[in-house]
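To start, the structure under review is shown below, and the notes come after it.
Ligands are counted one by one from 1 in listed order, and the atoms in each one are counted from 1 as well. Predicted, not measured: the structure shown is a model, and the values here were computed from it. Below, each value reflects all heavy atoms present in this structure, side chains not excepted, and no hydrogens, waters or symmetry copies.
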Amino acid sequence: MSIQQILSDLAGHLEALREDGVKRVSVSRETLEAFGRHVNTPPPDPRLRLEKIAARIARCTLCPLHSTRTNTVPGQGNPAPEIMFIGEAPGEDEDLQGLAFVGKAGQLLSRMIERMGLTRDEVFIANILKCRPPDNRKPLPGEMSRCLPYLREQVAILNPRVIVALGGTAVHGLLGLETGITRMRGKWMSFNGIDLMPTFHPSYLLRVPSARHDTWSDMLAVLTKLGKPLPKPGTRSGEASGA
Ligand code: URA
């Protein structure tokens, strides 16, 4: 139970006592001091907490990928987003810049986000892995299990209303499901109580443009879940999906 909940329960209890005619309540000095400590401590700024995680990621040597990386890629964006996008792992551009989804797949993701009526600064974008696997190969199970605690911490701080899992590896990493993304996409799932929408990875959409229509309908489901206005339908499926 959070201190806010405890204080709100306490206020309700005191109010009930007052309604019952109680005029005074005696409180010990220790209890007052304990409450004072909590009440006077502002909640830690999520931005600072995210920066601390990013600093730990930058020093991370838990898996062999640290020896081949140029930069770590912790993820970036709004520290209190409604939507968090989670991909697979940094590619070459991301490794060079230390930023998630800045290559070709990232450009497609940006267009999709804009088509949703949002900007990249309004959402948070991260990956299952924080370091680039050589030759962009799929993340290995050991790499994922060592890296995932960072992402879990980030999700707990960001507390988004919706997570969009981009591709099968993201769903596998977050939920342990190995079902193909074609079967999972478009169906609401849940990660630690947060609604999760699996959809195709933007790299796949670059290779198979005909799948963009499905991803766009998944994004419309996300906007609907958030009560946001739906963009007017595009004239082409490519346009509708931000292509
Ligand atoms: N693919 C990903 O999964 N993540 C990136 O950041 C870039 C490409």
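Each of the following atoms of ligand 1 lies closer than 4.0 Å to a heavy atom of G87: 3 (O). Below 4.0 Å from some heavy atom of E88 lie the following atoms of ligand 1, by number and element: 2 (C), 3 (O). For ligand 1, the atoms sitting less than 4.0 Å from at least one non-hydrogen atom of H201 are 1 (N), 2 (C), 3 (O), numbered in the order shown with element in parentheses.
Using a 4.0 Å cut-off between heavy atoms, E94 contacts ligand 1 through its side chain alone, with no backbone atom that close.
Summary of contacts: the protein heavy atom closest to atom 2 (C) of ligand 1 is A89 O, 3.1 Å. Closest to atom 4 (N) of ligand 1 among all protein heavy atoms lies N127 OD1, 2.8 Å.
Note on K138 versus E143: no salt bridge recorded, every NZ/NE/NH1/NH2 to OD/OE distance being 4.0 Å or above. Taking 4.0 Å as the cut-off between side-chain N and carboxylate O, E114 and R120 do not count as a salt-bridged pair. Under a 4.0 Å N-O distance rule, the pair E153/R49 does not qualify as a salt bridge. Using a cut-off of 4.0 Å between Lys/Arg side-chain N and Asp/Glu carboxylate O, R185 and D218 are scored as salt-bridged.
Here's the thing with F101: one of its N/O atoms is less than 3.5 angstrom from an N/O atom of ligand 1.
At distances below 3.5 Å, at least one donor-acceptor pair connects side-chain atoms of R69 with backbone N or O atoms of A58. Using modelled atom types, no side-chain atom of K130 and backbone atom of V73 make a donor-acceptor pair closer than 3.5 Å.
By the 4.0 Å heavy-atom criterion, A100 is counted among the residues contacting ligand 1.
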